[in-house]
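Have a look at the structure below before the remarks.
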Amino acid sequence: MTKLTCRPDFTRRAFSRAAVCMLIWPSLAQSQGQTMTASDTLAATARQAMIDIFRKKDAMAVDWYFADPFIQHDPNIADGLSGMKSFAAEVARSPAADITIYRTLVDGDFVLLHSRYEGVARYAGPAIAFDLFRFKDGKIVEHWGGQEPEAPPNLSGRTQVDGPTEVRDREKTEANRTLVRTYRETVMVALRFDRIEEFIEGAHYAQHASKIGDGIARLRDRIASVAKEGGKLHLTPRRFVAEGNFVLVLTEGDLPSGPTALYDLFRVENGKIVEHWDVLTPIPPRDQWKNANGPF
């Protein structure tokens, strides 16, 4: 599919960039024999917002893409448009800042981006990130985000971002969401490790988590070892975002290392989980939060 880029600099005095793109993208797509859906528009807007902030160093992008009021859930960023503008200005002061977006999911009014950040001082090196946006009337009104430092390839030689990116089987979205929800609640919450094979295709399970390799045996060993560290592994799923063969679970975790926001992305094929990526983000003490909305 031809990539569409919207740069409506000539209309800034009359319209926000997001609104103009919503008008222009469909007509461009139709002229090239394509159909631009509402989901396509939201996905393109979310990606362009992050590209303008990270790659173009354009702090004004916040006014074009984000609504007022705006709710921020990343505890390391202040609430409202002022918090986002402060973050965008910080990125703009980082000459090497950039972003590579690997996966995009659209679930109703929600858009999820799976990306790699680089060149931003607050992350002290390249970081792998999940950003979840909620849209209303074409603008971003809410954001959840988690990041962790980029790690070397895991025991199976996989990185935190490689692997399939294409969304398929959209007609199976709800079935796949249910499968992952049941897996999460059965195996990871109730700790029924004996039932892993009901949900995961063991022979072809590809693992991108930095501390685990492929296959069920390594997954079972890792879960068991974490559960034994301090005897504490309490997980509470908070949100499921799904499109086709991909399902993200945002989970509140009480881990041996401390309170954690877990972003787990699963790929489903033929009714079984076949691939997994994740980001585990420590939740700072409550008195250090930059906003009062909570990470979930």
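- Under a 3.5 Å cut-off, the side chain of Lys139 and the backbone N or O of Asp63 do form a donor-acceptor pair.
- Side-chain atoms of Asn291 come within 3.5 Å of backbone N or O of Ile77 as a donor-acceptor pair.
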Give the intermediate values and the outcome of side-chain hydrogen bond (donor to acceptor under 3.5 Å, both in side chains) for residues Asn270 and Glu201.
-> CA-CA 9 Å; Asn270 298 323; Glu201 176 55 60; over 6 Å; no

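- Under the 4.5 Å side-chain heavy-atom criterion for ILVMFWY residues, no single connected hydrophobic cluster contains both Met188 and Val279.
- Of the inter-residue distances, the one linking Phe130 atom CZ with Glu148 atom CD reads 9.0 Å to the nearest 0.5 angstrom.
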For Asp79 and Asn293, what are the C-alpha separation, side-chain angles and deciding distance, and is it a side-chain hydrogen bond (donor to acceptor under 3.5 Å, both in side chains)?
-> CA-CA 8 Å; Asp79 200 19; Asn293 301 312; 3.1 Å; yes

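- For an aromatic pair to be called close, the ring centres must be under 6.0 Å apart, and Phe266 with Tyr183 satisfies this.
- Contact check for Val189 versus His234: no side-chain heavy atoms found under the 4.5 Å cut-off.
- Remark: the His143 side chain and the Asp74 side chain contain no N/O donor-acceptor pair separated by less than 3.5 Å.
- A perpendicular orientation is assigned to the rings of Trp277 and His114, their planes being inclined by more than 60° (bins at 30° and 60°).
- Under the 4.5 Å side-chain heavy-atom criterion for grouping Ile, Leu, Val, Met, Phe, Trp and Tyr, Leu262 is connected to Val247 within one hydrophobic cluster.
- Using modelled atom types and a 3.5 Å distance limit, the side chains of Asp98 and Tyr117 yield no donor-acceptor pair.
- There is no side-chain donor-acceptor pair under 3.5 Å between Asn154 and His208.
- In this structure, CZ on Phe110 lies 14.0 Å from CZ on Phe240, to the nearest 0.5 angstrom.
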Would you sort out whether Arg238 and Thr251 count as a side-chain hydrogen bond (donor to acceptor under 3.5 Å, both in side chains), showing the intermediate values?
-> CA-CA 5 Å; Arg238 294 299 188 189; Thr251 303; over 6 Å; no

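- Residues Leu250 and Leu280 do not share a hydrophobic cluster, clusters being chains of Ile/Leu/Val/Met/Phe/Trp/Tyr side chains in contact below 4.5 Å.
- Cluster membership check: Val241 does not share its hydrophobic cluster with Val180, using side-chain heavy-atom separations under 4.5 Å among Ile, Leu, Val, Met, Phe, Trp and Tyr.
- A 4.5 Å side-chain heavy-atom check between Pro75 and Gln288 finds every atom pair outside the cut-off.
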